[in-house]
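Structure first, then comments.
The structure presented is a predicted model; accordingly, all values stated were derived computationally and were not measured. Each chain gets a letter, A, B and so on, in the order the sequences are listed, and its residues count up from 1.
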Amino acid sequence: MMAIIEVNELVKEFKVKKKKKGLRGAILNLFYAEKMIVRAVDNISFDIKQGEIVGYIGPNGAGKSTTVKMMSGILHPTSGSVMIDGISPQSNRKKVVAQLGVVFGQRTQLYWDLRLGESFELLKRIYNIDHKTYKKNLDLMDKVLKINTIINRPVRQLSLGQRMRGDLAAAMLHSPKILFLDEPTIGLDIEAKHSVRNFIRQINRELGITVILTTHDLDDVQQLCNRLIVINDGKKIEDGPLDILIDKMAPYRLLVVDMNEENTDFSHEAAQIIKTEGQRVWYRFEKNKITASQLISELSKKYAIKDISVEEPDIEEAIREIYKLTYCRL
Amino acid sequence: MSSNVKYHLSVSSCFARMAIQRQLEYPSFLVSWLLMIPIQYFAGILMLKVIVEKFQALNGWTFPQLAFVYGLGLLSHGLMVVLFIQSWNIGGMVRHGEFDRMLLRPANVFFQFAVMHINFIGLIDLIPGVIIFLYGCDLAGFHLGPINIIKLLLVVVGGALIRGAFFIITGSIAFWTKSSESLVGFSLNLMQRSAMYPLSIYPYIIQMVLTFIIPFGFICFYPACDFLGQNDRIMLPLDFVGWTPLVGGAMFVLANKLFNMGLKNYESSGS
């Protein structure tokens with residue numbers, strides 16, 4: 001299938017003035033300020049196919065938002081190109097943005113003092129949405145986000161979770177093909193996060209909408225994304241399915257065993273004991289070297305075992321490993 | 001073509017309706033303006049009256065004529081405040097990344113910016129404007145017939161365009177410098193002083209500047225000369241009131257060009 005988003009050697013540089021500190025510095029800055037060029041996005045390329053849900057993750061200041069802003073035509077790249085469905089948002093902005101829904105978790109596009117429905121009415125006119133489509137999409141949004149329960153309330157009276165539902169619905173009114181969600185679950189409670197994730201799953205499955213999601217919440221990633229793109233310091237570091245990334249970055253698993261005997265030495269050559277607590281022992285093993293069942297059968301031959309559990313590697317740990325690696329490289 | 005016009009009308013009327021609804025959410029706020037603004041302008045015209053009566057006519061301009069010019073100036077000022085007050089805040093909008101949302105919508109950004117806000121409070125500026133202008137008409141013996149009313153409308157709309165375009169031009173500098181607030185106060189003062197008093201009280205060189213470089217003379221001085229038959233000015237074929245909307249239109253086109261150039265330089269904000 002053809003890629004719906006093509007990002008090619010994308011670079012964005014910002015000029016920042018190096019400010020000196022203190023009052024003396026402030027006065028000196030007036031006359032002479034050293035200019036520095038910062039590469040917020042440094043030669044990033046990737047393709048995204050229609051119908052994918054891609055997690056775009058990285059630490060704060062990694063360049064996530066800058067990339068999203070270039071993909072949606074807000075910023076012009078210093079070099080490189082973006083193609084959305086074969087069209088560049090820089091040369092034909094209006095045509096591209098008509099296909100996009102964009103939600104910034106930290107900033108709403110809804111009118112604070114007016115009822116939610118008024119903001120929808122404005123969008124209906126700006127996007128030139130015909131009445132039938134508008135009605136159909138509102139019905140759908142009521143099904144997925146229960147939008148009718150809040151549509152007549154002023155936006156300033158909505159809770160953060162309700163406001164996010166409003167923002168998501170607003171981004172869907174013009175039937176976009178692609179949704180950019182910049183930290184859509186930030187600051188939300190468990191219930192609200194659940195409904196946001198549910199929304200993403202449903203519109204992806206039922207309407208085939210491509211979703212690019214930036215987030216710091218790894219539960220979002222785990223529950224939603226079939227693919228992860230990890231960036232740090234403006235560079236792409238990893239790109240691939242979640243389980244492969246975890247295997248690569250965190251190849252260890254934990255086996256927790258409750259022994260039924262007193263012994264000082266429970267060692268095994270293929271696993272490393274990282275903790276003992278009474279008769280409970282934690283083994284760490286690399287799953288490419290030995291499988292869990294193999295380890296268990298070998299241990300049970302040597303020792304009397306009461307109970308066993310295997311702990312999956314933590315995605316959080318995997319991601320931390322990735323970030324850590326790049327910090328070392330810097 | 002007509003569907004295009006219909007689209008822009010439909011979007012701008014929706015923006016206008018929402019802006020008015022938004023301001024009516026806080027009605028007590030309106031009351032304070034309702035007290036403050038008329039006092040400010042009535043005091044201004046009273047000052048003028050005192051000066052002219054105690055000392056002398058300004059370069060051949062009598063108080064009735066001055067009141068006419070002052071009132072005419074307030075009318076286009078009020079209309080500008082109603083339509084284009086958002087241009088006073090381009091600097092803030094640039095720093096806070098508020099053009100992001102407009103760039104994400106499939107409509108011209110300058111159009112969205114121009115129609116995004118209708119300032120209800122500007123109508124309050126129009127109250128003293130209308131009163132002082134009618135008073136000036138009466139004193140100066142200016143007859144408000146149908147032709148004169150059409151001419152006046154052209155002048156007021158053209159004057160508001162000149163003012164609005166100038167604020168957009170100075171505001172657009174913020175796309176490069178990130179801040180243009182100081183220019184707002186400067187522009188407001190410059191307009192006040194050069195539009196509301198007869199240009200002919202200033203030295204020749206300043207009259208030239210205010211005609212050809214910063215064409216504030218067209219906001220109300222030149223049309224007032226035409227309306228009142230005053231000939232004390234630079235002699236140019238300028239006494240046709242049609243010049244005001246023409247200059248206003250031209251400046252608006254220029255403002256649009258500069259705004260679009262600036263927008264290419266727009267860097268959004270943090271996250």
Counting only heavy atoms not in [X], do more than 12 sit closer than 6.0 Å to its [atom1] atom?
X         : atom1 : result
Ile205(B) : CD1   : no
Phe186(B) : CZ    : no
Lys178(B) : NZ    : yes

- prompt: Which region of Tyr266(B), side chain (C-beta onward) or backbone (N, CA, C, O), has a non-hydrogen atom less than 4.5 Å from a non-hydrogen atom of chain A, or is it both or neither?
  reply: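 Looking at Tyr266(B), backbone and side chain both touch chain A.
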
- request: Check each atom of Arg101(B) against the heavy atoms of chain A and say whether the ones under 4.5 Å are side chain, backbone, both or neither.
  value: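 It is the side chain, since no backbone atom gets that close.
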
task: Tell me, out of Leu263(B), Val11(B), Asn265(B), who's got the most heavy-atom pairs with chain A below 4.5 Å.
output: Val11(B)

message: Quick check on the interface: out of Ser10(B), Pro106(B), Gly97(B), who has the most heavy-atom pairs with chain A under 4.5 Å?
response: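 Heavy-atom pairs under 4.5 Å are most numerous for Pro106(B).
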
field: Nearest heavy atoms of Arg125(A) and Tyr7(B), plus distance in Å
entry: O-CE1, 3.1 Å

message: Between Arg107(A) and Asp100(B), is there a side-chain heavy-atom distance shorter than 4.5 Å?
response: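 The answer is yes; the side chains approach within 4.5 Å.
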
task: State, yes or no, whether a side-chain contact exists between Arg105(B) and Val97(A) at a heavy-atom distance under 4.5 Å.
output: no

query: Listed by residue number, which members of residues 12-20 of chain B have a heavy atom under 4.5 Å from any heavy atom of chain A?
result: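 Ser13(B), Cys14(B), Phe15(B), Arg17(B), Met18(B), listed by number.
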
- prompt: Hey, which residues of residues 123-132 of chain B are touching chain A, say heavy atoms under 4.5 Å apart?
  reply: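 The stretch does not come within 4.5 Å of chain A.
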
- prompt: When you look at Ile74(A) and Phe99(B), which way does the side-chain contact (heavy atoms from CB on, under 4.5 Å) test go after all the steps?
  reply: CA-CA 8 Å; Ile74(A) 295 174; Phe99(B) 287 103; over 6 Å; no

message: What's the separation between atom CG in Leu100(A) and atom CG in Leu104(B), rounded to the nearest 0.5 Å?
response: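 Here the interatomic distance stands at 7.5 Å.
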
field: CD on Gln109(A) to CE on Met102(B), rounded to 0.5 Å
entry: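 One finds 12.0 Å between CE of Met102(B) and CD of Gln109(A).
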
query: Who pairs with Arg93(A) by salt bridge (charged side-chain N to carboxylate O under 4.0 Å, His left out), at least two apart in sequence or on another chain?
result: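 Salt bridge (charged side-chain N to carboxylate O under 4.0 Å, His left out) check on Arg93(A) returns nothing, list empty.
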
Partner residues of Asp217(A) under the salt bridge (charged side-chain N to carboxylate O under 4.0 Å, His left out) criterion, sequence neighbours left out: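 Result, salt bridge (charged side-chain N to carboxylate O under 4.0 Å, His left out) vs Asp217(A): Lys193(A), Arg197(A).
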
field: SB check Glu25(B) Arg156(A) (cutoff 4.0 Å)
entry: yes

- prompt: Under 3.5 Å, is there a donor-acceptor pair linking the side chains of Arg115(A) and Gln21(B)?
  reply: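 No, Gln21(B) and Arg115(A) have no side-chain donor paired with an acceptor closer than 3.5 Å.
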
- line: Whatever's closer than 4.5 Å to a heavy atom in chain B on Ile126(A) counts as both

